[in-house]
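Report on one structure; see the data block that follows.
Just follow the structure's listing: the first ligand is 1, and inside any ligand the first atom is 1.
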Amino acid sequence: MRAVELFAGAGGMSLGLKGAGFEVVAAYDSWQGAVDVYRANLGGYVRQADLKDIFAIGPTLAALAPDLIVGGPPCQDFSAAGERIEGERAGLTRAFAMLVCIARPKWFLMENVPLATRSQAWADARAMLVKAGYGLTETKLNASFYGVPQDRKRLFVIGRLGEADGFLESALAAARSCQPMTVRDMLGNALGNAFYVHPRMPGKRGVWSTAEPAPTMRGSSRRPMPGSYQPHPADAALVEAGAFYTRPYYEGRGVRTLDEPAPSVIRTTRERPRPKYLANPHPADPVPATAAAVLTQEQVSRIQGFPTGWDWSAAAVRDVDQMIANAVPAPMAEAIGGVILAREAGESIPEIQGRFGEWLRRSRGFSKQAIRNAKSRVNRARRLLGGRTFADAAAELAALDTAEAFAALPTGTRSDLRAALRLYREWQAEPKRGRKVEAVPPAGVKAVAA
Ligand SMILES: C[S@@+](CC[C@H](N)C(=O)[O-])C[C@H]1O[C@@H](n2cnc3c(N)ncnc32)[C@H](O)[C@@H]1O
């Protein structure tokens with residue numbers, strides 16, 4: 001699938017999507033420094049552009065005819081760390097939606113802070129996207145379950161033309177790891193998302209992330225990791241301290257052990273503890289902040305999913321901190337991209353969620369066996385539909401009728417599958433009780449940094 005990225009920053013999202021198998025054919029950002037870093041690492045196709053100017057960019061996008069438009073419009077106007085007054089930057093979320101509506105790709109993917117869902121800008125953008133025919137999956141995902149050691153919760157909205165809302169939710173949940181990734185995993189001790197290649201010389205790196213190119217393999221590379229393996233000297237201080245300090249949000253905890261994910265990376269993550277924090281440390285700090293390591297920019301970059309060796313030299317050090325904080329961690333983008341590609345290829349179907357079986361028993365008097373049959377027929381119909389869901393029930397049945405493999409089935413089987421799908425839709429149409437609503441701080445709450 002061909003993808004175009006808007007608000008591409010230094011390229012975290014593009015890196016991940018490429019890793020998943022997308023061909024990224026164009027990328028845009030207004031910040032020249034970010035464009036330079038993107039170009040140095042990912043490709044010369046990136047362009048500096050102000051995406052407010054939808055008259056200029058709209059026709060170009062339509063001509064590119066991508067299968068996916070992806071983007072993380074600026075979040076400062078929605079972010080818990082900002083004033084939360086919707087200004088020009090919030091307007092760029094509308095610009096993103098307008099550009100999607102102009103180019104009408106089959107798919108889009110948008111990333112933002114969870115608070116964006118409370119904004120007028122997203123309400124407007126959402127209305128445009130729905131009107132243009134996109135079914136939406138709006139979900140909050142935690143990066144620590146998608147390949148990076150960071151407790152970073154972000155809103156992802158995935159749209160596909162013609163789908164029923166929520167169509168990708170179960171597939172995204174299935175791509176989640178069982179355990180959150182910790183900083184120690186990243187450093188290689190637990191080899192979570194990393195592998196060991198015997199270093200050529202003592203003191204050279206032996207542990208590599210699966211998100212980066214592997215070193216050259218030699219005959220001796222396949223030796224098992226020795227128990228005495230020492231981490232690369234650049235990480236030695238961190239490993240030795242066993243804990244690290246990051247500037248907290250609000251009055252949160254500043255010190256974490258290596259056996260936890262890091263908190264969400266922000267521009268000031270690697271600041272040293274200030275006297276105010278040292279005088280009034282968080283009661284749950286596992287060690288005093290003075291005994292904890294302060295992360296290097298390279299470590300923060302890795303915690304944000306950038307591979308070792310990512311070339312930041314095109315930008316000023318302070319700007320790099322901002323670009324890192326802005327990024328979608330590449331392993332997370334790769335996982336989401338993989339879920340999209342699998343669905344596009346018809347390799348996954350949405351799971352039957354909730355209490356469909358219970359409803360069949362209560363309202364239709366189905367036996368256990370009849371419930372099992374109904375569920376397996378829904379799944380079979382979904383597979384015949386290539387994993388597609390449909391906003392419209394009649395369109396779903398019509399699509400099933402035109403599926404070649406369906407037409408080849410005996411008449412009785414076909415009517416069983418149709419009946420099961422109808423029942424499932426009936427159940428879906430019923431109002432559900434007890435849907436979980438995410439807790440977010442009330443509007444107007446400001447961040448209190450240490
Ligand atoms: C949240 S960051 C996106 C980061 C990116 N998704 C990544 O993974 O690295 C938002 C980006 O929007 C860019 N931006 C802000 N205003 C813009 C505008 N008017 N036109 C284009 N890009 C803009 C910023 O420079 C920033 O790089």
Query raised in the report: Does some non-hydrogen atom of C75 fall short of 4.0 Å from ligand 1?
Result: no

Requested in this report: Would you please determine whether G16 falls within less than 4.0 Å of ligand 1 on a heavy-atom basis?
Outcome: no

Query raised in the report: Can you list the ligand 1 atoms lying under 4.0 Å from a non-hydrogen atom of G9?
Result: 27 (O)

Query raised in the report: Hey, is ligand 1 close enough to D29 that some N/O pair sits below 3.5 Å?
Result: yes

Query raised in the report: Between L51 and ligand 1, is there a nitrogen or oxygen pair with a distance under 3.5 Å?
Result: yes

Query raised in the report: Hey, is E5 one of the residues with a heavy atom under 4.0 angstrom from ligand 1?
Result: yes

**Report entry** Sequence-distant partners of D392, salt bridge (Lys or Arg N to Asp or Glu O under 4.0 Å), two or more places apart
**Finding:** none

Report task. Verify the distance criterion only: is there a donor paired with an acceptor across the side chains of E163 and T389 at less than 3.5 Å? Result -> yes

Query raised in the report: What protein heavy atom is closest to atom 22 (N) of ligand 1, reported as residue, atom name and distance in Å?
Result: S30 N, 3.1 Å

**Report entry** Test item: side-chain donor near acceptor, E5 and S14, under 3.5 Å
**Finding:** yes

Requested in this report: Check ligand 1 against M13 and write out every atom of the ligand that is under 4.0 Å from a heavy-atom position of the residue.
Outcome: 7 (C), 8 (O)

Query - Polar contact flag for V328 and ligand 1 (N/O pairs, less than 3.5 Å) - result: yes

Requested in this report: Determine, for Y28 and R47, whether the Lys NZ or Arg CZ falls below 6.0 Å from the six-membered ring centre while staying within 45 degrees of the axis.
Outcome: no

Query raised in the report: Is any NZ, NE, NH1 or NH2 atom of the basic residue among D124 and R94 found under 4.0 Å from an Asp or Glu carboxylate oxygen of the other?
Result: yes

Query raised in the report: Are R160 and E344 close enough for a salt bridge, meaning some N to O gap below 4.0 Å?
Result: yes

Requested in this report: Can you sort out which atoms of ligand 1 are near D50, meaning under 4.0 Å from one of its heavy atoms?
Outcome: 18 (C), 19 (N), 20 (N)

**Report entry** Ligand-residue contact atoms, ligand 1 with G12, heavy atoms, under 4.0 Å
**Finding:** 7 (C), 8 (O), 9 (O)

**Report entry** Option of least heavy-atom distance to atom 5 (C) of ligand 1 (set: P73, G72, A8, S14)
**Finding:** A8

Query raised in the report: Taking the non-hydrogen atoms of A34, is any one of them nearer than 4.0 angstrom to ligand 1?
Result: no

Report summary line: In ligand 1, the atoms that come under 4.0 Å of a heavy atom of A10 are 9 (O)

**Report entry** Residue pair V255, F244: steps toward the side-chain contact (heavy atoms from CB on, under 4.5 Å) verdict
**Finding:** CA-CA 6 Å; V255 183; F244 56 97; over 6 Å; no

Query raised in the report: Is the closest side-chain donor-acceptor distance between Y134 and D165 under 3.5 Å?
Result: no

Query raised in the report: What residues form a salt bridge (Lys or Arg N to Asp or Glu O under 4.0 Å) with D67, not counting sequence neighbours?
Result: none

Report summary line: Note: ligand 1 atoms sitting under 4.0 Å from heavy atoms of P74 are 12 (O), 15 (C), 16 (N)

